[in-house]
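Report on the following structure.
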Amino acid sequence: MTSTTPVEGLPARRAALRLIDAVLRRGESLDHAMNGAVKGIGRGDDRALALAIASETLRRLPDLDAMIDSATKRPLPDDAKARSVLRIALTQAWVLGTPQHAAIATALPLVAGGPRRLVHGVFGTLMRGQAELPDIPRLPQETRARWMASWGPDFVAAASRAIAAPPPLDLTLKPGEDAVATAETLGGVSLAPHHVRLPRGGELTALPGFDEGAWWVQDIAASLPARLLGEGNGRRVLDLCAAPGGKTMQLASAGWAVTALDQSAKRLGRLDENLARTGLCAETVTADALRWDAPQPFDAVLLDAPCSATGIFRRHPDVLHRIGERDIAERAELQSALLDRAAQAVAPGGTLVYAVCALEPEEGEAQAAAFLARHGDFAVAPIMAEELPQSIAPTTGGYLRTVPSMLAEQGGLDGFFVARFQRAE
């Protein structure tokens, strides 16, 4: 009888394959697929490794596939087990710095009873030929074609550069915290008031100020919609689709009386935890924004609407492999309905801010134009350059569109569209 010795790290690689399969075959997000993929894996570092392998494989998928095809006589089917296993083996060797022998040793058991010789041969050919991934990744073809049509070649080139690596870590500080001093303490840089940017890596909860609630994690672009409402001075604001709560905390810290509404009780629980940690206050409501009726109008409403999320592709590269034209059209239809409901909650003379972390004009510029056509009592309240951090400028129409080329030398930012409207008195 022969015995087999378990390969160390193999469960993490199996989980990575399950994650990639969930994205490419079922259209799930990595976040949604994570619990099922790592079920039974007790070690936190193994779970983190599975996610890292999957994320980086999806970040460089077109280039990985091109490399694999260059080393085979006939292209492997997209759903072939050999291609999937080669993708994660090459990602480990080329991106994560795993020694070549370890990358292939943990890959071959994944094709047990299958084309082991093919996997070993292709991997060896690429390693012996000292092949390397290009510095600037290729975007998935559908995404590239869509953005080329919407925005042009400069945008596509900037997005290709932006996806090359995960983004830095942005923090939003509570009022009273010194951004420059905090940046020095944490080894970062401040790009705007109440903002600090840190390099990636390190244990978040171990950073000075976490336990004291001095800051929370929030991409600088994600912080802009709430900034555009200014100081609250006790006025009432409705934060729709509020969880996990970054904008709620911004508004509360700026002196607004905040009602934070979200249909997910679980996500609102995280918001409540963050409010407790930061010592900020807000009323939380678990409800469907399309069916909830405001008891009285609000001075301001902030709608950060559900969207395609293509603007956060740097930190969630899976989105570019899941989202297509049909998904964008479905999100746009929901956003339109949410905007109509949000408008009903705005008091005469009040302000409505609409935001999406999407790089699709159907969810941004076209959505804003359609809203104005339906609601004659609202007008654009133009966003001004002096309201924004340096190197971020509003559009000629008075909107805000953050794109991959902005702050590129400082680490970039997420893609957002933001519109600010004012209701007639």
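Numbering starts at 1 and runs along the sequence shown. This structure is a prediction, so every number in the text was calculated from the model and none was measured.
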### Summary
Nearest heavy-atom approach of D318 to L30 is OD2-N, 3.2 Å
### Message
Check this for me, if you would: do R277 and D211 make a salt bridge, where the nitrogen-to-carboxylate-oxygen distance has to be below 4.0 angstrom?
### Response
no
### Side-chain ion pair, R60 and D63, N-O less than 4.0 Å
yes
### Task
Determine, stepwise, if the pair L228 / L388 fulfils side chain to side chain contact (heavy atoms under 4.5 Å, CB included).
CA-CA 8 Å; L228 296 176; L388 303 172; 4.2 Å; yes
### Query
Does D327 use its side chain to pair, donor to acceptor, with the backbone of G324 at less than 3.5 Å?
yes
### Query
Any side-chain heavy-atom pair from T106 and Q92 closer than 4.5 angstrom?
yes
### Task
Over all heavy atoms of both residues, which pair between V418 and I383 is shortest? Give the atoms and the distance, please.
O-CD1, 3.7 Å
### Over 12 non-hydrogen atoms of neighbours within 6.0 angstrom of CE in M148
yes
### Query
Does a donor on one side chain and an acceptor on the other come within less than 3.5 Å for R374 and S336?
yes
#### Entry: T172 vs Q250 side-chain heavy atoms within contact, under 4.5 Å
yes
### Query
If we ignore angles and hydrogens, is there a donor and acceptor under 3.5 Å between the side chains of Q218 and S223?
no
### D69 and R83: CA distance, side-chain angles, deciding distance, salt bridge (charged side-chain N to carboxylate O under 4.0 Å, His left out) verdict
CA-CA 9 Å; D69 291 342; R83 181 182 290 278; 2.7 Å; yes
### Task
Decide yes or no for L352 and F378: does some side-chain heavy atom of the first lie under 4.5 Å from some side-chain heavy atom of the second?
yes
### Message
With a 3.5 Å distance limit and no angle check, can you tell me whether R341 reaches the backbone of L290 through a side-chain donor-acceptor pair?
### Response
yes
### Task
Under the side-chain hydrogen bond (donor to acceptor under 3.5 Å, both in side chains) rule, collect the residues that match up with E387, sequence neighbours excluded.
R420
### Message
Tell me if the CD atom of Q410 is crowded by more than 12 foreign heavy atoms within 6.0 Å.
### Response
yes
### Message
Does anything in residues 114-135 form a side chain to side chain donor-acceptor pair (under 3.5 Å)? List the pairs, not counting sequence neighbours.
### Response
none
### Query
Judged by atom type as modelled, is there a donor-acceptor pair below 3.5 Å linking the side chain of W94 to the main-chain atoms of A131?
yes
### Summary
Contacts of F313 meeting ring pair (Phe, Tyr, Trp, His ring centres under 6.0 Å) (sequence neighbours excluded), chain-then-number -> W147
### Query
Nearest 0.5 Å, what's the CZ-OG1 distance between F298 and T351?
14.0 Å
### Message
Under a 4.0 Å threshold between the charged nitrogen and the carboxylate oxygen, would D78 count as salt-bridged to R25?
### Response
no
### Query
Donor-acceptor pair, K81 side chain versus L110 backbone, under 3.5 Å?
yes
## Note on the structure
Taken to the nearest 0.5 Å, the spacing of Q367 CD from E333 CD works out to 10.0 Å
### Task
With sequence neighbours excluded, tell me which residues meet side-chain hydrogen bond (donor to acceptor under 3.5 Å, both in side chains) with S253.
none
### Query
So among R322, H316, E360, R331, which one has a side-chain hydrogen bond (donor to acceptor under 3.5 Å, both in side chains) with T310?
E360
### Listed partners of H375 passing ring pair (Phe, Tyr, Trp, His ring centres under 6.0 Å), at least two apart
F371
### Message
Closer than 3.5 angstrom, by distance alone: can the side chain of D170 be matched with the main-chain N or O of I220 as a donor-acceptor pair?
### Response
yes
### Task
Would you check if the side chain of D262 reaches a backbone N or O of L268 as a donor-acceptor pair within less than 3.5 Å?
no
### Summary
For V380 and G398 the tightest heavy-atom approach is CG1-O, 4.4 Å
### Query
Taking it one step at a time, do R401 and E365 satisfy side chain to side chain contact (heavy atoms under 4.5 Å, CB included)?
CA-CA 9 Å; R401 165 66 74 184; E365 292 81 358; 2.8 Å; yes
### Query
So, does R13 use its side chain to make a donor-acceptor pair with the main chain of L49 at under 3.5 Å?
no
### Message
Heavy-atom count check: over 12 atoms from other residues, nucleotides or ligands less than 6.0 Å from R144 CZ?
### Response
no
### Query
Atom CG of L334 and atom CG of L339: how far apart are they, to the nearest 0.5 Å?
10.0 Å
### Query
Run the side chain to side chain contact (heavy atoms under 4.5 Å, CB included) check on D219 and R314 step by step: do they pass?
CA-CA 11 Å; D219 188 85; R314 300 176 308 152; 3.2 Å; yes
#### Entry: Expected output: side-chain R87 to main-chain T57 donor-acceptor under 3.5 Å
no
## Note on the structure
On a heavy-atom basis, the closest approach of L303 and C241 is CD1-SG, 4.0 Å
### Query
Can you find a side-chain donor-acceptor pair between S150 and R146 that sits under 3.5 Å?
no
### Closest heavy-atom pair and its distance - A287, L261
O-CD2, 3.4 Å
#### Entry: Separation between CG of L204 and CZ of F210, rounded to the nearest 0.5 Å
6.0 Å
## Note on the structure
The reported gap from OG in S84 to CG in L64 (rounded to nearest 0.5 angstrom) is 11.5 Å
### Task
Indicate yes or no: at least one non-hydrogen side-chain atom of M127 is less than 4.5 angstrom from one of L90.
yes
### Summary
With sequence neighbours left out, the residues meeting ring pair (Phe, Tyr, Trp, His ring centres under 6.0 Å) with Y399 are F417
### Verdict with reasoning, V258 to E283, per side chain to side chain contact (heavy atoms under 4.5 Å, CB included)
CA-CA 6 Å; V258 186; E283 176 190 9; over 6 Å; no
### Query
Is the closest side-chain heavy-atom distance between V180 and E184 below 4.5 Å?
yes
### Message
Apply side-chain hydrogen bond (donor to acceptor under 3.5 Å, both in side chains) to residues T248 and D239 and explain how you reach the verdict.
### Response
CA-CA 7 Å; T248 296; D239 185 5; 2.6 Å; yes
### Task
Flag the pair L61 / L24 as yes when at least one side-chain heavy-atom distance between them is below 4.5 Å, and no otherwise.
yes
### Distance, nearest 0.5 Å, that separates NE2 of H194 from OG1 of T182
11.5 Å
### Query
Got more than 12 heavy atoms from elsewhere within 6.0 Å of CZ, R291?
no
### Task
Using a 4.5 Å cut-off on heavy atoms from C-beta on, say whether the side chain of L240 contacts that of Y354.
no
### Query
Between E363 and S308, is any side-chain donor less than 3.5 angstrom from a side-chain acceptor?
yes
### Message
Quick check: do E177 and W215 have side-chain heavy atoms less than 4.5 Å from each other?
### Response
no
### Message
Using only atom types and a distance under 3.5 Å, with no angle test, would you say the side chain of R59 pairs donor to acceptor with the backbone of I163?
### Response
yes
### Least distance between heavy atoms, L173 atom then A179 atom
CD1-CA, 3.5 Å
### T402 side-chain N/O to F416 backbone N/O, donor-acceptor pair under 3.5 Å
yes
